[in-house]
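After the structure tokens below, expect a handful of questions from me.
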Amino acid sequence: MKVECGYGRAGAAINNEESLKLAKRLVSSPILNVIGLYTHAGHSYESRSEQSSADYLKLEVTAALAYKKYLQDNGVPFENISIGATPTVMAAGLVHRSELDGITELHAGSFIFNDRQQLATELPKESDLAVTVLCRVASRYPERGSLLLDGGALGFSKDVAPQGGFGTVVGKPHWKIVKLAQEHSVIAEVSAEDFDRVNVGDVFRVIPNHSCLTAACYEFFLVVEENGNDIIDVWVPVKGW
């Protein structure tokens, strides 16, 4: 049963008669096996330091335990609690184990890959970002100082990141991806020196803002090690709803 922990997106509210009725319906259902409570502290994406992420984690733990007690006090026992968003899960190593007492499981979405959003929390390093999108230069526009890549909203997502823009071009941190279409993106502020070196067809890797949306759009992932060029494996994700 998903419960509210401060994010305000989804989850049953605490101290709410309708939430209590829902919990009772779930545990009494003959066709469901409800084993615990689930929270997602998506507001922890606002973290900008290790300490703030740890603070969000403590708040999520407190909210989840309070909800469990609320249900127990009203005759609805739930044994397990699953909590987590990527920043709060990454912060779990920053708090004493005792502060996670009563929590059964930590879950996270983009934890396996990380992205520019997570980089802004200061928990991962840039070397921890494990997803890039391979793109080609589709067009050059020296007269307006821009390049066109053949990767766009489906590849990078239109989610924002605190750093601004829609992605980082590996090896070209000064380039700004300022505009997205479905299958194309515009890089602005390209210097004359860069135009002398960049040709149509050149390939670049782009770090996306939100790896969850990026990963969902591809049929397979090419696996390389330590930013190398040799493909060592191909992963095929489970797809569909």
Side-chain angles (χ1 to χ4, degrees), residues 1-115 117-118 120-124 157 159-162 209-216 237-241:
M1 176 179 171
K2 189 170 186 177
V3 300
E4 165 62 17
C5 67
Y7 187 22
R9 181 178 71 180
I14 195 171
N15 299 321
N16 180 285
E17 185 64 29
E18 293 303 316
S19 299
L20 185 58
K21 289 179 181 178
L22 173 62
K24 290 179 177 179
R25 285 179 59 199
L26 291 173
V27 298
S28 63
S29 171
I31 59 174
L32 297 177
N33 179 26
V34 184
I35 62 173
L37 302 178
Y38 180 102
T39 65
H40 174 64
H43 50 314
S44 65
Y45 276 51
E46 299 298 322
S47 301
R48 296 295 175 264
S49 68
E50 290 185 347
Q51 184 58 56
S52 61
S53 295
D55 291 342
Y56 276 112
L57 170 62
K58 295 173 185 178
L59 290 173
E60 187 176 12
V61 170
T62 299
L65 292 175
Y67 210 111
K68 180 179 180 181
K69 183 177 185 305
Y70 163 65
L71 292 180
Q72 287 178 331
D73 290 346
N74 286 277
V76 189
F78 276 82
E79 181 178 353
N80 301 299
I81 296 178
S82 177
I83 72 169
T86 298
T88 55
V89 169
M90 295 187 72
L94 305 175
V95 302
H96 192 274
R97 180 63 184 86
S98 62
E99 296 191 70
L100 297 175
D101 286 350
I103 303 303
T104 310
E105 176 186 70
L106 301 175
H107 60 256
S110 58
F111 181 76
I112 184 175
F113 291 140
N114 288 311
D115 48 36
Q117 288 181 336
Q118 298 306 323
T121 68
E122 297 188 4
L123 289 167
S157 88
D159 278 10
V160 298
N209 284 351
H210 190 180
S211 63
C212 296
L213 286 173
T214 293
V238 176
K239 305 289 287 186
W241 291 90

**Item:** Exercise: identify the closest heavy-atom pair between T88 and S53
**Value:** CG2-O, 4.3 Å
**Request:** Taking the side chain as every heavy atom from C-beta outward, state whether S47 and E122 have any atom pair closer than 4.5 Å.
**Result:** no
**Message:** Taking G36's backbone N and O only, do any of them form a donor-acceptor pair with N80's side chain (distance below 3.5 Å, no angle check)?
**Reply:** no
**Message:** I'd like to know if the side chain of H210 and the backbone of A161 have a donor-acceptor N/O pair within less than 3.5 Å.
**Reply:** no
**Asked** Between the side chain of T121 and the main-chain N/O of Q118, is any donor-acceptor distance below 3.5 Å?
**Response** yes
**Message:** Ignoring hydrogens and geometry beyond distance, is a side-chain donor-acceptor pair present between S49 and S52 at under 3.5 Å?
**Reply:**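 There is such a pair (donor and acceptor under 3.5 Å, judged by atom type) between the side chains of S49 and S52.
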**Request:** For the pair E60 (side chain) and G84 (backbone), establish whether a donor and an acceptor sit closer than 3.5 Å, ignoring hydrogens and angles.
**Result:** yes
**Prompt:** If every non-hydrogen atom of A108 is compared with every non-hydrogen atom of V89, which pair is closest and at what distance?
**Reply:**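 Shortest heavy-atom contact: CB-CG2, 3.8 Å.
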**Request:** Hey, can you tell me if Y7 and H40 have their rings parallel, tilted or perpendicular (30° and 60° cut-offs)?
**Result:** perpendicular
**Item:** Residue pair L94 / L123, side-chain heavy-atom distance below 4.5 Å
**Value:**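 L94 vs L123: side chains touch.
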**Prompt:** At their closest point, which heavy atom of K2 faces which heavy atom of R9, and how far apart are they?
**Reply:**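 Minimum heavy-atom separation between K2 and R9: NZ-NH2, 4.1 Å.
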**Request:** State, to 0.1 Å, how close A12 and M1 come at their nearest heavy-atom pair, and which atoms those are.
**Result:**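 In terms of heavy atoms, the two residues are closest at CB-CE, 3.7 Å.
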**Request:** Please name the pair of heavy atoms, one in T39 and one in A64, separated by the smallest distance, quoted to 0.1 Å.
**Result:** CG2-CB, 4.0 Å
**Asked** Does L32 CG have over 12 foreign heavy atoms under 6.0 Å away?
**Response**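 For L32, atom CG is crowded (more than 12 foreign heavy atoms under 6.0 Å).
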**Request:** Quick one: closest heavy-atom pair of L100 and A92, and the distance?
**Result:**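 Nearest heavy atoms, L100 then A92: CD1-CB, 4.2 Å.
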**Prompt:** With a 4.5 Å limit on heavy-atom distance, are the side chains of Q117 and T86 in contact?
**Reply:** no
**Request:** Find out whether K24 and K21 are in side-chain contact, i.e. whether some heavy atom of one side chain is under 4.5 Å from a heavy atom of the other.
**Result:**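 No, side chains not in contact.
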**Request:** For T104 and S82, indicate whether the former's side chain and the latter's backbone hold a donor-acceptor pair under 3.5 Å.
**Result:**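 Flag not set: sc T104 to bb S82 has no pair under 3.5 Å.
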**Item:** Test item: N209 side-chain N/O and D159 main-chain N/O as donor-acceptor pair under 3.5 Å
**Value:** yes
**Request:** Answer yes or no: are there more than 12 heavy-atom neighbours, outside R48 itself, under 6.0 Å from its atom CZ?
**Result:** yes
**Prompt:** How about I81 and V61: do any of their side-chain heavy atoms sit closer than 4.5 Å?
**Reply:** no
**Asked** Would you find a donor on one side and an acceptor on the other, under 3.5 Å apart, between the side chain of Y56 and the backbone of G42?
**Response** no
**Request:** Measure the shortest side-chain to side-chain distance between S19 and L22 over non-hydrogen atoms and say whether it is less than 4.5 angstrom.
**Result:**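 S19 does not reach L22 side chain to side chain.
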